[in-house]
Novice: 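Mind having a look at this structure? Questions to follow.
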Amino acid sequence: MSKPLSPKKSRPKHIAFIMDGNGRWAEQRGLSRLVGHRKGYQALRKIADTCLDLGIPCITFYAFSKENWKRPKEEVDGLQALFSKYLDENLTRENLAEARRRGLRFRMLGNLLDLPPYLRVKVRKILAKTRPNRGHILNVAFSYGGRAEIVEAAKKIAREVQKKKLKPGELTEEIFSRYLYTGGCPDPDLLIRTGGEFRVSNFLLYQIAYAEIYVTRTLWPDFQPRELKQAIREYQHRERRFGMTSAQIKSSARKV
Ligand code: IPE
Ligand code: IPE
Ligand code: MG
């Protein structure tokens with residue numbers, strides 16, 4: 001059993017995961033990369049459940065980037081098949097009832113039109129079935145690219161301006177963020193990357209402006225709830241200054 005988290009310290013409202021290292025996990029064992037992705041899928045399920053148990057309101061998993069389409073066809077097909085399995089499992093009567101009970105709403109970050117039609121249908125279904133749920137949001141980023149997301153948002157805003165629904169001068173950072181796929185979610189407080197790489201790989205570029213970053217060498221299939229709690233504990237010990245001085249942060253904390 002790992003140490004419980006302090007109920008007093010503030011927990012992140014949004015945790016985003018770059019689930020990296022599935023391929024290496026498999027290669028180290030002489031297995032095919034797809035076996036690593038399957039193991040990674042099991043880790044995702046366990047970590048998502050832990051986040052819900054910990055009361056994290058918003059969770060985002062980077063499952064497949066826009067750049068990942070460049071991988072060998074066999075691997076791309078395998079990753080799509082896993083996404084399909086994930087959707088099927090969450091679309092069963094029992095799991096939809098469970099999502100309702102927990103107030104869990106699913107969302108996909110990425111352009112639905114990039115997906116083959118059979119996947120599109122399933123994604124639309126799960127979005128519709130869980131739309132009324134209030135409590136937690138679980139975002140799966142699939143065929144996701146941070147720059148593409150920003151360009152998409154700019155296009156939507158340009159259309160609004162054309163239709164005279166928005167004046168360019170009225171655009172603020174807050175309004176802009178509503179046009180992103182994550183609209184309605186707070187920005188990630190904590191970004192976790194497994195696999196040891198110190199880069200963001202085109203993930204949530206706009207939203208991670210002030211995220212606390214936790215990089216671990218643990219490969220995603222080995223990432224356990226225990227280490228998630230460790231990452232949250234480390235987050236709770238960081239001083240988030242948002243451009244201010246340490247003294248200012250301390251004095252405002254005393255006033256609360
Ligand atoms: C992350 O694992 C999952 C995806 C990118 C789909 P990788 O497949 O990138 O694993 P490594 O980085 O090769 O070990
Ligand atoms: C990032 O992992 C994307 C996902 C985890 C889905 P990659 O393995 O694709 O990232 P790079 O290529 O090492 O930057
Ligand atoms: Mg990788």
Novice: I'd like to know if the side chain of R120 reaches the main chain of L115, judged simply by a donor and an acceptor atom lying under 3.5 Å from each other, with no hydrogens or angles considered.
Specialist: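 Between the backbone of L115 and the side chain of R120 there is a qualifying donor-acceptor contact (under 3.5 Å).
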Novice: Before accepting this row, confirm whether a basic side-chain N of the pair K125/D88 lies closer than 4.0 Å to the acidic partner's carboxylate O.
Specialist: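 The answer is no: the pair does not qualify as a salt bridge.
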Novice: Going through the distances and angles, do E234 and R238 end up as a salt bridge (Lys or Arg N to Asp or Glu O under 4.0 Å)?
Specialist: CA-CA 7 Å; E234 191 177 311; R238 304 241 185 119; 2.8 Å; yes
Novice: For Y181, is there any backbone N or O sitting under 3.5 Å from a side-chain donor or acceptor partner on E149?
Specialist: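 Yes.
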Novice: Where does the angle between the aromatic ring planes of W69 and F64 fall among parallel (under 30°), tilted (30 to 60°) and perpendicular (over 60°)?
Specialist: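 W69 and F64: perpendicular rings.
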Novice: If we ignore angles and hydrogens, is there a donor and acceptor under 3.5 Å between the side chains of T218 and E227?
Specialist: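 Side chains of T218 and E227: pair found under 3.5 Å.
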Novice: Is K165 close to R159 at the side-chain level, that is, under 4.5 Å between some pair of heavy atoms?
Specialist: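 R159 vs K165: side chains apart.
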Novice: What is the minimum heavy-atom distance between L138 and V140, and which atoms define it?
Specialist: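 Taking every non-hydrogen atom into account, CD2-CG2, 3.7 Å.
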Novice: How close do P57 and P12 get, counting heavy atoms only, and between which atoms?
Specialist: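 Scanning both residues, the minimum pair turns out to be CD-O, 4.0 Å.
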Novice: In terms of hydrophobic clustering (I, L, V, M, F, W, Y; side-chain heavy atoms under 4.5 Å; direct or indirect links), are Y144 and L127 co-clustered?
Specialist: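 No, Y144 does not connect to L127 through the hydrophobic network.
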Novice: Does a side chain donor of either E152 or N111 reach within less than 3.5 Å of an acceptor in the other side chain?
Specialist: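 No, no side-chain donor-acceptor pair sits under 3.5 Å.
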Novice: When the side chains of residues 249-256 are checked against the rest of the protein, which donor-acceptor pairs come out under 3.5 Å, sequence neighbours left out?
Specialist:
residue, atom, partner, partner atom, Å
K250, NZ, S246, OG, 3.0
S251, OG, Q248, O, 3.4
S252, OG, Q248, O, 3.4
S252, OG, I249, O, 3.0

Novice: Can you tell which of L191, L204, I192 makes a side-chain contact (heavy atoms from CB on, under 4.5 Å) with I18?
Specialist: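 Testing I18 for a side-chain contact (heavy atoms from CB on, under 4.5 Å) against L191, L204, I192 leaves exactly one candidate, L191.
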Novice: Does a side-chain heavy-atom distance below 4.5 Å link L109 with T182?
Specialist: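 Yes, close enough: below the 4.5 Å cut-off.
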Novice: Between CD1 of I59 and CG of L54, what distance do you get to the nearest 0.5 Å?
Specialist: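 Nearest 0.5 Å value for the CD1-CG distance: 9.5 Å.
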Novice: With a 4.5 Å heavy-atom cut-off, do F176 and I150 have their side chains touching?
Specialist: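 F176 vs I150: side chains touch.
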Novice: Indicate the ring-plane relationship of F83 and F142, choosing parallel, tilted or perpendicular according to the 30° and 60° boundaries.
Specialist: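 F83 and F142: parallel rings.
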Novice: Would H14 and Q207 satisfy side chain to side chain contact (heavy atoms under 4.5 Å, CB included), going step by step from the backbone distance to the final call?
Specialist: CA-CA 11 Å; H14 182 174; Q207 300 90 329; over 6 Å; no
Novice: Could you check whether the rings of F17 and F223 sit parallel, tilted or perpendicular, using 30° and 60° as the cut-offs?
Specialist: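 The arrangement is perpendicular - the two ring planes meet at more than 60°.
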Novice: Do the side chains of M108 and Y118 join up, straight or via other hydrophobic residues, at under 4.5 Å, putting them in one cluster?
Specialist: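 Yes; tracing contacts between hydrophobic side chains, which count when under 4.5 Å, links both residues.
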Novice: Are the side chains of Y235 and Y214 in touch, meaning some heavy atoms are under 4.5 Å apart?
Specialist: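 They are not in side-chain contact.
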Novice: A quick test of your reading: do over 12 heavy atoms of other residues, nucleotides or ligands sit less than 6.0 Å from NZ of K39?
Specialist: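 No, NZ of K39 has 12 or fewer neighbouring heavy atoms, counting only those of other groups under 6.0 Å.
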Novice: Side-chain contact, heavy-atom cut-off 4.5 Å: C185 with R107?
Specialist: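 C185 reaches R107 side chain to side chain.
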Novice: Would you find a donor on one side and an acceptor on the other, under 3.5 Å apart, between the side chain of T50 and the backbone of K46?
Specialist: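 At least one qualifying donor-acceptor pair exists.
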Novice: Do L219 and L31 sit in the same hydrophobic cluster, where Ile, Leu, Val, Met, Phe, Trp and Tyr count as joined when their side-chain heavy atoms come under 4.5 Å apart?
Specialist: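 Yes; L31 is reachable from L219 via cluster members.
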Novice: Donor-acceptor check, side chain of N95 to backbone of E89, threshold 3.5 angstrom: yes or no?
Specialist: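 Checking the backbone N and O of E89 against the side chain of N95, a donor-acceptor pair under 3.5 Å is found.
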Novice: Heavy-atom count around E173 CD within 6.0 Å, excluding the residue itself: above 12?
Specialist: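 No, because the 6.0 Å sphere around CD of E173 holds 12 heavy atoms or fewer from other groups.
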Novice: Less than 4.5 Å apart, any side-chain heavy atom of N202 and any of Y62?
Specialist: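 N202 vs Y62: side chains touch.
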Novice: Minimum heavy-atom separation for A211 to P188, with atom names?
Specialist: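 Closest heavy-atom pair between A211 and P188: CB-O, 3.4 Å.
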Novice: For E197, does the CD atom have more than 12 heavy-atom neighbours from other residues, nucleotides or ligands under 6.0 Å away?
Specialist: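 Correct, the count exceeds 12.
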Novice: Just by modelled atom types, is the W25 backbone N or O under 3.5 Å from a matching donor or acceptor in the R29 side chain?
Specialist: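 Looks like yes, one N/O pair under 3.5 Å.
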Novice: Does some side-chain heavy atom of W220 sit less than 4.5 Å from a side-chain heavy atom of I47?
Specialist: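 In short, these two side chains touch, coming nearer than 4.5 Å.
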Novice: With no hydrogens and no angle check, is any side-chain donor or acceptor of R240 less than 3.5 Å from a backbone partner on Y210?
Specialist: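 Flag set: sc R240 to bb Y210 pair under 3.5 Å.
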Novice: Counting distance only, does the side-chain N/O of H37 pair as donor-acceptor with the main-chain N or O of G23 below 3.5 Å?
Specialist: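 Between the backbone of G23 and the side chain of H37 there is no qualifying donor-acceptor contact (under 3.5 Å).
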Novice: Do L228 and L104 belong together in a cluster built from hydrophobic side chains that touch within less than 4.5 Å?
Specialist: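 Yes, L228 connects to L104 through the hydrophobic network.
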Novice: Taking the side chain as every heavy atom from C-beta outward, state whether R101 and E98 have any pair of such atoms under 4.5 Å apart.
Specialist: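 Heavy-atom side-chain distance check passes, below 4.5 Å.
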Novice: Is it the case that more than 12 heavy atoms not belonging to K129 sit under 6.0 Å from its NZ atom?
Specialist: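 Not more than 12 within 6.0 Å, no.
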Novice: When you measure from the side chain of R193 to the backbone N and O of R199, does any donor-acceptor pair fall under 3.5 Å?
Specialist: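 Flag set: sc R193 to bb R199 pair under 3.5 Å.
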Novice: As a quick check of understanding, evaluate salt bridge (Lys or Arg N to Asp or Glu O under 4.0 Å) for D222 and R24, giving each step before the final call.
Specialist: CA-CA 11 Å; D222 290 329; R24 275 164 285 169; over 6 Å; no
Novice: For S143 and G110, indicate whether the former's side chain and the latter's backbone hold a donor-acceptor pair under 3.5 Å.
Specialist: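 No: the side chain of S143 does not pair with the backbone of G110.
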Novice: So, S65 versus N68: side-chain donor-acceptor pair below 3.5 Å or not?
Specialist: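 Looking only at side-chain atoms, N68 and S65 do form a donor-acceptor pair, the distance falling under 3.5 Å.
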